[in-house]
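Step one of this worksheet: look at the structure below.
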Amino acid sequence: MEEVKSLNFLEEIIEKDIKAGKYKEIVTRFPPEPNGYLHIGHATSICLNFGLTKKYGGYTNLRFDDTNPVTEETEYVDSIKDDVRWLGFEWKNERYASDYFPQLYEYAIRLIKKGVAYVDDSTSEEIASMKGTPTEPGRNSPYRSRSVEENLDLFQRMKKGEFPDGSRTLRAKIDMAHHNMLMRDPVLYRIKHAHHHRTGDEWCIYPMYDMAHGQSDSIEHVTHSICTLEFVPHRELYDWLIEHLEIFTSRQYEFARRNISYTVMSKRKFLQLVNDKHVEGWDDPRMPTIAGLRRRGYTPESIREFCDRVGIARREILADVGLLEFCIREHLNKIALRRMVVFDPLKIVITNYGSERSNVKGEMVAGMIDAKGQMGETRNEQPVTSNEEMVQSENNPEDPDSGYRAIPFSSELYIEREDFMENPPKKWFRLAPGQMVRLKSAYIIKCDEMIKDENGKVTELHCSYIPESRSGHDTSGIHVKGTLHWVSVKHAITCEVRLYDRLFRVEDPSSEEGDFKDYINPDSLHIVKAAYAEPSLMHARFDERYQFLRKGYFCLDKDSSESAIVFNRTVTLKDSWKPSAFKGSKSEP
RNA sequence: UGCCCUGUGGUAUAAUGGUAGUACGUCAGAUUCUGGCUCUGAAUGUCAGGGUUCAAAUCCUUGCAGGGCAACCA
């Protein structure tokens, strides 16, 4: 039985339209203004617009809403295109509202000729003062009753550049007492002698959003123009203009913008975070920008899955960042290569290793390297002496085809300091005096002796290993609850690891008292300068994802170089271990 | 104190007059050479009052709560 997936309200509308034979194909558009980077909120809109036409047949245009020359730049156009493609979508046509400036100008003339638009000489202050308030009607402008001929003449001269910025506007003639403020003779065109990133100095009058967006939709025969809730009041004007222009009827539908807990979601706030150096840039891995998430190690699949799972509706929402984290864990669990890295080392010496193991060596050494070419190259095979050997470990238990890799094991190892406790609580499965644990893919060891410095700090552990407990050949009959990750002291490579936590301490920084920046999490970044990694990580690649066993999911950062490897933590592993006594924060030390 | 939009477990989303379901989270347990994954179970919900109806989350009504609207921004 196929599971019936319920439809969201837009899918319902579209299915109804298709059944009614209203359109022969569905056309949508993703309409960013090229004045900033895309964030995960935009991803919703992208997934919706592209997803709908993919599902129902039709296409989606990428249209830059570039009607304000003073804020828009080509740099943003490029980054937006990158981000959309990275998310996995391809548009049919790349368009710009500015492509339509000549057509839009003709539309304006059409409105003037119909007597429903006029040139107003009032200043912006005067227009504002005549607008009224939500509870009081506005007053007609003294220029409202100009003749069609005069309006035509004035508007054409506006275009020619005869008037200075702000001296005149073209306004729709609707109703200054309208209950919808946007219908009180909205400004359609303004004078701006500014250089435009595409049209250069060709124009000195620019259409306002309402005069450009719906008309661009109509020109492109967009059937379903999807936008966020703040445009609901604009719909009346959207429809009014299309009706009076007598052009293709596009319809606007609104859904709620998506906010996510423990972060902010506005270009203005991002800019402050960057300018005030709370983050290092638009692509800082803590930023909810697409670029930031990408650098953090999020996959397009996980973001699409997140958008899908949250769904859409018409009420303001604050989605749980935990769901985003669930989505990336779910994907990474399937694809990440398992590796071992120790962040905070505690040295252990296996006192009986070497002398007692004459018979376990031979057969394992040859043919042990498989690992799907991962680390297969024999380059880092150290000479195998009686004090060391290679062990095999699966690259990904979730993916049988991922093969195995070889890891050098020796008598001197590092384990995680937090995996040892001198006086452990109940149900402590890790190392403690006299207690046994398994070293992943290697042997079971027992902690015999602690070495401390003069301050009483444990500096080293002396352990003994059980030769019969080798992974895959365990005949010891011993069962231990805990398995630790480890790395051989002699073979370890060092790398930098950047551990990220949520950027804010509160769920909804924007709704708190005072400045949202007061709620920044001071510990959102913790850098481990020198972590000890198994040698295969020397060849880490940008297109691979890693799970550092028991630590989380990681990816290579762009700051990496030949001599210095840097990893970003995408997300921690889910951690259900909680000693009842101290249920601490989830963040790393 | 005008107009518009919206109220379903902690979060998000279904149920389109007919058994309030799903996912994440939480809690408990099983399993485990990752305290991961996987599996099992549990708790928690229709904003409030009134009305229509055999039957209301759904329709009507009155409140209440949240959001939006007075840029030559989009």
Side-chain angles (χ1 to χ4, degrees), chain A residues 3 5-8 12 31-33 35 65-68 70-72 97 120 122-124 127-129 131-138 165-171 178-182 184 186-192 205-206 208-210 212-213 227 229-236 254 256 258 261 306 309-327 329-330 333-334 338 340 393-394 397-398 427-430 437-442 444 469 471-472 474 479-485 507 547-553 572-578:
Chain A
E3 193 186 334
K5 197 158 187 281
S6 58
L7 304 176
N8 65 46
E12 276 179 20
E33 185 188 7
N35 69 347
D65 236 339
D66 57 349
T67 56
N68 187 357
V70 302
T71 57
E72 294 149 4
D120 195 332
S122 309
T123 63
S124 62
I127 289 177
S129 73
K131 197 121 197 171
T133 70
T135 52
E136 305 161 65
D165 285 6
S167 59
R168 275 174 238 260
T169 56
L170 181 73
R171 298 178 72 182
H178 203 284
H179 61 84
N180 181 347
M181 298 291 290
L182 281 160
R184 320 245 262 225
V187 172
L188 266 19
Y189 262 91
R190 77 281 213 184
I191 301 173
K192 244 179 199 172
I205 55 171
Y206 292 94
M208 299 291 291
Y209 167 83
D210 291 298
H213 198 97
C227 60
L229 246 30
E230 70 261 36
F231 292 99
V232 169
H234 290 256
R235 188 174 61 231
E236 202 169 7
E254 312 87 12
R258 188 188 327 266
S261 57
F306 171 73
R309 279 181 186 255
V310 174
I312 58 157
R314 280 174 65 86
R315 55 174 157 159
E316 291 288 337
I317 59 152
L318 183 64
D320 188 349
V321 70
L323 182 60
L324 216 210
E325 292 176 346
F326 167 82
C327 291
R329 283 191 187 108
E330 184 186 44
N333 179 47
K334 290 195 194 102
R338 313 295 135 122
M340 294 199 283
S393 193
E394 69 272 25
E398 304 291 319
K427 286 200 171 175
W428 173 261
F429 301 154
R430 286 116 96 152
V437 294
R438 170 169 296 280
L439 295 176
K440 173 69 183 174
S441 298
I444 292 173
S469 66
S471 284
D474 188 349
H479 291 284
V480 292
K481 286 287 246 179
T483 300
L484 305 186
H485 62 282
E507 269 206 324
Q547 185 199 101
F548 292 175
L549 240 55
R550 309 205 300 133
K551 304 257 57 159
Y553 293 100
T572 59
L573 251 29
K574 202 169 130 189
D575 184 5
S576 60
W577 181 68
K578 38 178 188 322

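Naming convention: chains lettered A, B, ... in sequence-line order (proteins, then strands); numbering from 1 in each chain. The structure displayed is predicted, hence computed values, not measured ones.
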Donor-acceptor pair under 3.5 Å: do we get one between A:Arg430's side chain and the base of B:rG35?
-> yes

From [options], nucleotide with atom closest to [X] side chain:
X: A:Pro134; options: B:rG25, B:rA74, B:rG2; result: B:rG2
X: A:Arg190; options: B:rG25, B:rC73, B:rC69; result: B:rC73
X: A:Lys427; options: B:rG35, B:rA70, B:rG36; result: B:rG35
X: A:Arg338; options: B:rU32, B:rC69, B:rU34; result: B:rU34
X: A:Ser471; options: B:rA74, B:rG36, B:rC33; result: B:rC33
X: A:Tyr209; options: B:rC33, B:rU13, B:rA74; result: B:rA74
X: A:Val232; options: B:rC37, B:rA74, B:rC4; result: B:rC4
X: A:Glu398; options: B:rU13, B:rU34, B:rC37; result: B:rC37
X: A:Glu316; options: B:rG36, B:rU13, B:rG67; result: B:rG67
X: A:Met208; options: B:rC37, B:rC72, B:rC24; result: B:rC72

Quick check against the 3.5 Å criterion: does [X] have a side-chain atom that pairs as donor or acceptor with the backbone of [Y]?
X: A:Ser471; Y: A:Ala442; value: yes
X: A:Arg329; Y: A:Thr572; value: yes
X: A:Asp66; Y: A:Ala97; value: yes

Do A:Glu254 and A:Arg314 meet the salt-bridge criterion of a basic N to acidic O distance under 4.0 Å?
-> yes

Reckon [X] touches a base, only the sugar-phosphate, or nothing at all at heavy-atom distances under 4.0 Å?
X: A:Thr67; result: sugar-phosphate
X: A:Ile444; result: nothing
X: A:His234; result: base
X: A:Leu323; result: sugar-phosphate
X: A:Ser124; result: base
X: A:Glu236; result: nothing
X: A:Pro397; result: base
X: A:Gly482; result: nothing
X: A:Leu573; result: base
X: A:Ser122; result: base
X: A:Arg314; result: sugar-phosphate
X: A:Asp65; result: sugar-phosphate
X: A:Tyr189; result: nothing

Could you give the [atom1]-to-[atom2] distance, from [X] to [N], as a whole number of Å?
X: A:His213; N: B:rA74; atom1: NE2; atom2: P; result: 11 Å
X: A:Glu136; N: B:rA70; atom1: CD; atom2: P; result: 15 Å
X: A:Leu484; N: B:rG36; atom1: CG; atom2: C1'; result: 14 Å
X: A:Arg235; N: B:rC69; atom1: CZ; atom2: C1'; result: 14 Å
X: A:Tyr206; N: B:rA74; atom1: OH; atom2: C1'; result: 16 Å
X: A:Phe548; N: B:rC37; atom1: CZ; atom2: C1'; result: 19 Å
X: A:Glu230; N: B:rA70; atom1: CD; atom2: P; result: 12 Å
X: A:Leu229; N: B:rG67; atom1: CG; atom2: P; result: 13 Å

So which nucleotide does [N] pair with, by the Watson-Crick or G-U wobble rule with both distances under 3.5 Å?
N: B:rG41; value: B:rC27
N: B:rU22; value: B:rA12
N: B:rA65; value: B:rU6

Would the A:Phe231 and A:His213 ring centres measure less than 6.0 Å apart?
-> no

List the atom of A:Thr71, the atom of A:Glu33, and the distance in Å for their closest heavy-atom pair.
-> OG1-OE2, 3.4 Å

Heavy-atom closest contact (A:Leu549 atom, A:Arg338 atom, distance) | CD1-CB, 3.6 Å

Does a nitrogen or oxygen in the side chain of [X] sit under 4.0 Å from OP1 or OP2 of [N]?
X: A:Ser6; N: B:rU22; result: no
X: A:Arg550; N: B:rG35; result: yes
X: A:Lys574; N: B:rU38; result: no

Of A:Pro233 and A:Asp165, the one whose closest nucleotide on RNA chain B sits nearer the 5' end is A:Pro233

Select from A:Arg258 and A:Met181 the residue whose nearest nucleotide in RNA chain B is closer to the 5' end of that strand.
-> A:Arg258

Say you draw a straight line from CG of A:Leu188 to CG of A:Leu170; how long is it, rounded to the nearest 0.5 Å?
-> 5.0 Å

Under 5.5 Å and under 30°: A:Phe429 stacked on B:rG35 = yes

Same-atom distance (C1') from B:rC47 to B:rU58, integer angstrom | 15 Å

